[in-house]
Amino acid sequence: MESRWISLCLCQYSYHRESGKGLNDSHLGKVNRTLDDDIINRWISECDSKSWKKIQKEITKTFSSVSCLNGSFLDKSCDKHYQTSLKHSGLDLSLVRMAFQKFAEKDKVLAEVEEVIHRILLPSLSKDPIGVEGLRVYLIIPELLRVLLKQQRGMDITEAFSAAVLRLNPDKLQVLEGLWSTLSDSFFRTVVKAFRSASAEYLQQMAVKRCDHGKSLKKTFGVLQRLYDVNSKRRRRITVDTFHINQISSLFQSKLVQDLNSELEDLEWDLSGEDDTYWIESEMILSKIICYKDNILCLLKDYPCILDTEAKYTVWMYTFDQIKYYHEDSEYDGFCDQTLKVDRETLLEDTFQQLRKMSCHMVALKVKFQAENGVDEGGVSLEFFSLLGRELLTMEPKTLEVYESGLAWLTTDDGGITDEFYFLGLLCGKALFNQCVLNLCFPLALFKKLLGLTTTLDDLKELSPTEASCLQYVLDEDGEVIEALDLVFMDKGQELIPNGEEVPVTMVNRKKYVDLFVDMKLNKSVQSQFADFEKGFHKGCPTQAWRMFLPEELMTLLQGDDNYEWDKLRENAKYLVYRPTDDIIQNFWSVFTEFSEEEKKKFLSKLTQL
């Protein structure tokens, strides 16, 4: 049976410009090398014999040259050009996988292949490879990383490969991303897992040992984030948890942090806190802890793809604590005290009036209700924002419209509006920054717009089901029905395109009509309103860390989640003075479990306001 491995590589001093240097082959002369099953089997079977030196030279000739490696796994099943295009590399990646799996059977051979690629091939890669052919190597190497990382090795070569990917000129990187986008799920997942596995190992070492892999992680994280962006555009996406790294939370309690905390405890024990030396040295230790966590924060927030929801929340909470620390620690430039003094009867009017007078909005908001003695340790703010949400729906001039879905959207009628949209956004931003739930139900589209994502027909379905179902009808019906509808490119007197009143909707242009209608409804009709809202939102929430959240996650942070897990409330309850087995505690839970769902929510709401 004819072998599947039929690839001819011509390696010479001046080989293809793909490598960018041509230095690898200068000492090899002109060699014809066919990589097939027989060659691979011979390397594996004879590597422990006297032939090893010859095999080493053959491995070097094949794996030190971009042109040889790129030509070793071509897909010859269809045409003489190997189907090569911007969407197809011309490679048969199943051959690549089989080859490296065979190499993995003999560690000596695999180690030699790894050494040649790491020491010679990767440093030679050009920033500007020629065509798709020059990028094939970037699809081949992940299969080597796959077998190496399975054997708990390959960290250095993965970092070096990450650097090579990120070193590509932007136009060539874009072509590579296009090739990634068309890979099968299996091979695309292999690429993702290679960089995720290396990143996880670096993080584990940082958490357990006192070592800094920040520079290495920026490389592997950088490639992961690009792969994540590619995944969002793939026709068939792999699940986002494929990108998540579980070791994130442990970084904030790493070996370094634990050691510094131990030093702090020892210092307190030795000096008893009565000496100036204690305060000086303890401040130095605390500064080291803060500096370490700041560096971790800066590293993580630029690569949200690696964070699951819990990890994002950990980063978000630390960001908030970090801002509070700098505010409370000193007279930090830009910070100012903010206390809203409002009357319950004139809540909205008092709030807007005082916000207009505030010159800065950089710290957590404090609230005091007139004629009440409560001190805002978080509970008063929670109640304030809960009440405020209901007030905003009825305010005049009107900024929000409530649709048939029960969701609120920016009004298209901005007559009489001055700065209300700005302060609506400001209050939403402040609610997020204060970790308070705002009793307003916005559609997911608002959070997608804040994150710079495109809105779609599905978003309109959530906000306005009737309108969206009509548009879906236009997409689904046949030509005769579409013509009978007598639609033109207009929406409520507004042209969707120039001269839209004269352009009928047909089978050919109906998709364009629906897209333009959705764009008008969710974007153009509220363009200035949203611009003011967005500006206020950024002002109200002074950190940009919220951008790491997905739209669904950001929506839950601001609006809360109605799906309460009451059993977990009991499981996670902590008791002061009392024990879980005490009669009074048992009686409390007996009564609580008999409450209706609504009664439980009301009780929890009151509890958080104490």
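Side-chain atoms are counted along with the backbone in the values below, which use heavy atoms only and exclude waters and symmetry mates.
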Show the nearest heavy-atom pair for residues [X] and [Y], with the distance to one decimal.
| X | Y | result |
| --- | --- | --- |
| P504 | F489 | O-CE1, 3.9 Å |
| K512 | I497 | CE-CG2, 4.3 Å |
| A408 | L393 | CB-CD2, 3.9 Å |
| A431 | L438 | CB-CB, 4.2 Å |
| G389 | L440 | O-CD2, 3.4 Å |
| L307 | K312 | O-CE, 3.3 Å |

So how far is it from [X] [atom1] to [Y] [atom2], rounded to the nearest 0.5 Å?
| X | Y | atom1 | atom2 | result |
| --- | --- | --- | --- | --- |
| D308 | E553 | CG | CD | 8.5 Å |
| F384 | L427 | CZ | CG | 6.0 Å |
| I482 | Y513 | CD1 | OH | 10.0 Å |
| M490 | L496 | CE | CG | 7.5 Å |
| F517 | L460 | CZ | CG | 7.0 Å |
| L382 | L387 | CG | CG | 11.0 Å |

> Tell me the side chain to side chain donor-acceptor pair (under 3.5 Å) pairs involving residues 435-448, sequence neighbours left out?
Replying inline: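 Non-adjacent pairs meeting side chain to side chain donor-acceptor pair (under 3.5 Å): K448-D459.
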> Got a sec, which pairs hit side chain to side chain donor-acceptor pair (under 3.5 Å) with one end in residues 527-538, sequence neighbours left out?
Replying inline: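 Side chain to side chain donor-acceptor pair (under 3.5 Å) check on residues 527-538 returns H538-Q544.
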> L340 pairs by side chain to side chain contact (heavy atoms under 4.5 Å, CB included) with which of T351, L347, V380?
Replying inline: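 Among the candidates, only T351 passes.
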Any heavy-atom pair between the side chains of [Y] and [X] that's under 4.5 Å?
| X | Y | value |
| --- | --- | --- |
| W409 | L522 | yes |
| S199 | L224 | yes |
| V591 | N587 | no |
| L400 | L410 | yes |
| F533 | T399 | no |
| K366 | S381 | no |
| L446 | F530 | yes |
| Y313 | M317 | yes |

When you check the gap from the basic side-chain N to the acidic O, do [X] and [Y] get nearer than 4.0 Å?
| X | Y | answer |
| --- | --- | --- |
| D515 | K511 | yes |
| K341 | D350 | no |
| D582 | R579 | yes |
| E177 | R234 | no |

Please confirm whether the backbone N or O of [Y] pairs with a side-chain atom of [X], one donor and one acceptor, at under 3.5 Å?
| X | Y | answer |
| --- | --- | --- |
| E501 | E495 | no |
| K301 | V315 | no |
| E420 | T418 | yes |
| D491 | Q494 | no |
| Q586 | P580 | yes |
| S525 | K521 | yes |
| T556 | E552 | yes |
| R196 | T242 | yes |

>> Before you tell me yes or no, could you show the steps for L300 and M548 under side chain to side chain contact (heavy atoms under 4.5 Å, CB included), namely the whole-Å CA-CA distance, both residues' side-chain angles and the distance that decides it to 0.1 Å?
In response: CA-CA 9 Å; L300 297 179; M548 67 184 162; over 6 Å; no
> Centres of the F592 and W589 rings: under 6.0 Å?
Replying inline: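 They qualify: ring centres under 6.0 Å apart.
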>> I'd like to know whether L426 forms a side chain to side chain contact (heavy atoms under 4.5 Å, CB included) with F537, so could you lay out the CA-CA distance, the side-chain angles of the two residues, the decisive distance to 0.1 Å, and finally the verdict.
In response: CA-CA 5 Å; L426 182 77; F537 189 88; over 6 Å; no
> If we ignore angles and hydrogens, is there a donor and acceptor under 3.5 Å between the side chains of K461 and Q472?
Replying inline: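 Checked: K461/Q472 side chains pair up, N/O donor to acceptor below 3.5 Å.
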> Do D413 and T411 have side-chain N/O donor and acceptor atoms under 3.5 Å apart?
Replying inline: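 No - no donor-acceptor pair under 3.5 Å links their side chains.
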> Does the pair T506 and N509 meet the rule for a side-chain hydrogen bond (donor to acceptor under 3.5 Å, both in side chains), with working shown?
Replying inline: CA-CA 5 Å; T506 65; N509 64 19; 3.3 Å; yes
>> Go through it in stages, so that I can follow the logic: the residues are L475 and L457, the test is side chain to side chain contact (heavy atoms under 4.5 Å, CB included), and I'd like the CA-CA distance, side-chain angles, deciding distance and then a yes or no.
In response: CA-CA 11 Å; L475 290 175; L457 179 58; 3.9 Å; yes
> What's the verdict on side chain to side chain contact (heavy atoms under 4.5 Å, CB included) for W316 and L432, showing C-alpha distance, side-chain angles and the deciding distance?
Replying inline: CA-CA 11 Å; W316 171 249; L432 182 66; 3.9 Å; yes
>> Taking atom OH as the centre, does Y578 end up with more than 12 heavy-atom neighbours from other residues, nucleotides or ligands that are less than 6.0 angstrom away?
In response: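 Open: at most 12 neighbouring heavy atoms sit under 6.0 Å from OH of Y578.
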> Passes salt bridge (Lys or Arg N to Asp or Glu O under 4.0 Å), E349 versus R356? Steps please.
Replying inline: CA-CA 11 Å; E349 182 182 345; R356 288 186 176 106; over 6 Å; no
